[in-house]
Amino acid sequence: MKGRRVVVTGLGLISPLGVGVEKSWSGLLQGRSGIRGITHFDASLFATRIAGEVDGFKPEDYIEPKEVKKMDRFIHFGVAASTMAVADAGLKIDENNAARVGVYVGAGMGGLPAIEHYHKVMLEKGPRRITPFFIPMLIINLAAGQISIKFGAKGPNSAPATACATGSHAIGDAFKVIQRGDADAMIAGGTESVITPMGIGGFNAMKALSTRNDQPERASRPFDRDRDGFVMGEGAGIMIIEELEHALARGAKIYAEIAGYGLTGDAYHITSPAPGGEGAARCMSMALKDAGMDPTEVDYINAHGTSTKYGDELESAAIKSVFKEHAYKVAVSSTKSMTGHLLGAAGGVEAVICALSIRDGMIPPTINLDNPDPECDLDYVANKARKTDIRAALSNSFGFGGTNACLLFKKFSN
Amino acid sequence: MTDEKVKEIIAKQLGVNVAEVTPEASFVEDLGADSLDTVELVMAFEETFNIEIPDEDAEKITKVKDAIAYIKNKQS
């Protein structure tokens, strides 16, 4: 059933480049890096001492002070970015439409900061000192839960946890909820905050993170020959998506239309992508097929592009296998070069970026791309944003466990 | 001394104004606490006054005056 069309009507963004959509977006277009030395904890003993932390965020600006302490930071981000998105969309949720507005917001890892903190409390002071809010502050679906409570959104409520593909699965699944008629509007996206000793230490143990500690702003360098792993970021990306007639009836502004969604599994390895990027390629093809669009109609691909050796190579290979000769014409950029990798929030953030790219006809660059890896020979919009009309933008997200999600956005025309 | 400190903790934990924390005020009915808030409130009393409040006692502390009386008794 593809009768119902779904459009993007509101955006919310918290990233290492700033709190708020326009602040982050202008940083991206300027090619700014949000990567700095870690301040969340003393990282001096860690191989990686850099990350993309969010500065200047006050949860009390969005959440009642009494409620703030009941949520871990990823929930603060999720609620705050949702507040921005709902306001941006001008969406009123009341008793008449509450059951038709849902929330799909996930996280890759959830409340790691709370787990680490209260585990220490438990060891030092005993089990009686564990706060009764420990579980609700850390479990992944409580972001979606808290958002629904804040806005009274009583429609479908869920939270994917598909590692680095989470945000894209959330938006894609929410798109299908509206398309099949189970809701008229959805608050959807991803949120994450795990710049903690166990978060950094765990990825360090896998040798997955960049250790370019002396040059934080140069550390995330997707597709560059000298890349040495990803840089962790934190934040949230949320969008309001809405059934077209519903959006038109209330005179909402429309950023873009969601045209297609693909989701596949590699069935190959816990952390490495499948050979040739086979699972990623099928995922992109599925999104194109779902949209009924030809690869040549796509002008921009926001790559997963994490700055890891195999990831960037195999994604480039997958794009070539799907887009054939158009692979060399389509602009591909990795905004993770500036934001770092926001894990479960990445798909949400990058969906928001795709919507803004279509709105403004601007493609944010891949920064730090000084010497492209010979295996990565596409047009990665190196180092400088580009002005160009974008008919359609594809957002790629691939996660540990071999889970893939692709979202295809197109310029709206009625 | 204890009275003021107890009221201060209640106000902070439940996110209410100290003026609302009158002796007769009930945590749940007047100050907007839910069951988890009251558990955490008792933990805050234990931590601040360095006392232990068994669950069977905690259940009986439902009003501001109950808390003040209980803590004073424990301290003496």
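A note on names: the letters A, B, ... follow the listed sequences, proteins ahead of strands, and every chain is numbered from 1.
For B:Leu36 against A:Pro132, the heavy-atom pair with the smallest separation is O-CG, 3.4 Å.
Heavy atoms from other residues, nucleotides or ligands lying under 6.0 Å from NZ of B:Lys74 number more than 12. Dense packing is recorded around CD of B:Gln75, with more than 12 heavy atoms of other residues, nucleotides or ligands lying under 6.0 Å away.
Listed in order of number, the residues of residues 52-79 of chain A that approach chain B to under 4.5 Å between heavy atoms are A:Lys66, A:Lys69, A:Lys70. Within residues 94-125 of chain A, the residues that have a heavy atom under 4.5 Å from a heavy atom of chain B are A:Lys125, listed by number.
Only the backbone of B:Ile53 has a heavy atom closer than 4.5 Å to any heavy atom of chain A. Heavy atoms closer than 4.5 Å to chain B are found nowhere in A:Ile135, neither backbone nor side chain.
Side-chain contact between B:Met43 and A:Arg128 is absent, with no heavy atoms from C-beta onward closer than 4.5 Å.
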